[in-house]
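Scroll down for the structure; my scribbles are underneath it.
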Amino acid sequence: MASAKGPGRHKRGKRPPRQGEDGGHQRPALTEDALPPVAWRRHALWGSLLLLLLALLGTAMVLARQFQENQMQHRLEREAEQLVGDIRTGLTRNVQTLQSLNFRQRSPGEWEGPALEVLEQNREMAVLEWRDRQLRVLASRISPFHGEALAQRPRHERRQDVATACAQAKRTSAPAYSPSYFWPQGDGRGQEMMEMCLPKFQHGELEGYLVASYALPGLLSELLEPAAARGLALSLTEVDGTHLAMAGTRPEGAMLSAEHLLELPGHVLMLRIIRPRDQSELTPWSVTGLVVGMSALMLAVLALLARDMRLRLAAERGLAEALAFRQAMENSLVTGLRARDMQGRITYVNPAFCDMVGMTAGQLLGTSTPAPYWPADMVNEYQQRQAIRLAGQTLPREGFESVFVRSDGSRFPVLIIEAPLINAQGIQTGWMSAILDLTEQHQVEAQSRASQEKLQATARLAMLGEMASLLSHEINQPLSAIASYASGTLNLLSQPQADGTQAWQDMTQAMQRIREQAERAGRVTHSVSNFVRRRGQAQGLRREPVSPQALVQAILPLLNLQARKEGIRVVVDLPTDCPDALCDHTMVEQVLLNLARNGMQAMADDHPPAASGLRVLTIRAQPHASQQGKTWLMFSVTDHGIGLSPEVASQLFTPFFTTKPEGTGLGLSLCRTVVEQHGGALVHAPASPCGTVFRFTLPAVSPTAPVQASTA
Ligand code: ADP
């Protein structure tokens, strides 16, 4: 048988870690130590994502705002362009009005009336003048709305501006405008004015000019009244930005402005319109709302993702713990575990199995039949056995025994318990086997078998010895009786003078006694050997009902023989109503004989009782009822000898304990065993006034119950 501690076997717990011995499973490196950097990286990623989202949101807001501002600016610029168009249209309409005034051939006196009408209808015009070719004023009307202002300064101061405009008008034969100029109104106030000169032709000949003086503030307020009403601040400036006139109120705070050139023949002005920046308009709710809504949705998705991630992390941690627990369990197992797929290829082995066969997981995984741990000469047998077992699907629950071979070539017995491997979908994917190394168990069994055999041999020897000792002890009595009857007979034969008839009778009686004792010796031998053999086989004694008288009578001749020798009187006290004892009568007779003989020896000459009247040995029997209502018979043997010292009393029933030079020390030990095998008890007590009383009980036959011989 192979040794359990063959090479390649390690003590559990001291086994060095082997590469690839985790059964080939690729396990994620999920350990507590690895978590902090991963957690840090994960937090950094989440932080970056959040920052990016916020940046995206901010950029979207700014872009939306800029887009809105651009839109507003563009609208304002279009409005400025439209207002310039309005001014131009107004001026053109005025030119047409003035042309119609020119065409009517009137005298200066007649001209003034319609001119005044024109001035009243067009408040932007401050003065209308009819001038001749040399720019001399033929007729002139001042607008009733501007009269006072214009009265402050002499008109000739504007002559140069009028001349400039009219020179261009003459050149182009079309209306022309002069540059603007400031017309003071006293006390530091004044207004910007601009001249418009319209040439007047008669039959193709320049006849004169119609000069209209425009007040620029009036121009703005009259021509662009609707715009001012809309809250726009309008201003006219020179191209270089010099402020000229203004209409409407310049708004406070944030504002938007747009400019557009007002190109007039002879002069260019700039119209500037200003409007307050409307914050409500600036908040592009549609775009912002969209961005904010989407961002909120994205944040919600992020929150859900984070929650999902947390759950996943918790699950991963749980999985890592479960894996660590499983690995610890696998490493601590002494049972080998092996998994095979449906084709018989090994898919998993635990460290205990690797230890068992002395191979690494790498050497075992993926191998099919014949397995590397199968004995070469048993491959065919194993293959057939496996095919039958797996095809029949009959796996013995208690497993089956087999023999494996280690990498060093040594064989060892194993117990294999197999079960189908079912996956999560309930489909069988292979077989899982638990393998127990039976080497040590087999050794223990062999040892126990050997020691059992040894024990049995020793028990047989002991029984033999005990039987020999008991026989020598119990056979002594009849032998010494036979010897004394034989001596008596010899005495009679050596006395020829004696009465022949009497002597003949005595000798016949002696010979009868010798025969009785010889028969008794035979019974004792048979009974003792029976007793010892049955006790060895744990069987009971053969029991039969025997009367107490019969028991005592059987041993009385022997007792009397010894009593006469010692000068002891034997008293037998047996009430007639005593029930029969249910017992092995020969053995019980031996008990009584042993107790009586011990009593007589205690009263022998070398231990005389205090009074000669006490040389009496009393044998009694009486019924004795137990608490369970069972009837017992109690025997007592009383002597008045030396009694029991405490040392003797403590070893009384120890086999081979004796105080007598020729004693065997087996008598009391046998007595107690016999009594106890009957279910009774043997006790002793001091007798009065001296000596010892031994009492023992035996089951009695109940007077009502039918009695049969039995073995207990
Ligand atoms: P044996 O009689 O061969 O010595 P036993 O087992 O019958 O063996 O007795 C053991 C010892 O017990 C005796 O040697 C004796 O010393 C003591 N003994 C037995 N019976 C009595 C008795 N009635 N009175 C005093 N001593 C006794």
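Indexing begins at 1, ligand by ligand and atom by atom, following the structure's order.
Ligand 1 is approached by G643 to a heavy-atom distance shorter than 4.0 Å.
For ligand 1, the atoms closer than 4.0 angstrom to any heavy atom of T658 are 1 (P), 4 (O), 14 (O). For ligand 1, the atoms sitting less than 4.0 Å from at least one non-hydrogen atom of G663 are 3 (O), numbered in the order shown with element in parentheses.
Partners of F696 by ring-ring contact (aromatic ring centres under 6.0 Å, His included), not counting sequence neighbours, listed by chain and number: F635. In this structure, W632 has no ring-ring contact (aromatic ring centres under 6.0 Å, His included) partners at least two apart in sequence or on a different chain.
Classified by interplanar angle (parallel below 30°, tilted 30° to 60°, perpendicular above 60°), the ring pair F404/Y373 is tilted. Using bins of under 30°, 30° to 60° and over 60° for the plane-to-plane angle, the ring pair F653/H684 lands in the tilted bin.
Between D639, V693, L670, T659, it is T659 that holds the heavy atom closest to atom 14 (O) of ligand 1. The heavy atom nearest to atom 27 (C) of ligand 1, considering only L644, L668, N598, is found in L644.
Counting only distance, with no hydrogens or angles, the side chain of T697 and the backbone of A681 share a donor-acceptor pair below 3.5 Å.
Considering backbone and side-chain atoms together, F694 places no N or O closer than 3.5 Å to any N or O of ligand 1. Considering backbone and side-chain atoms alike, Q601 places every N or O at 3.5 Å or more from each N or O of ligand 1.
In terms of protein heavy atoms, atom 12 (O) of ligand 1 is closest to L652 CD1, 3.5 Å. Of the protein's heavy atoms, F657 O, 3.4 Å lies nearest to atom 10 (C) of ligand 1.
Between the side chains of K565 and N560, not a single donor N or O lies within less than 3.5 Å of an accepting N or O.
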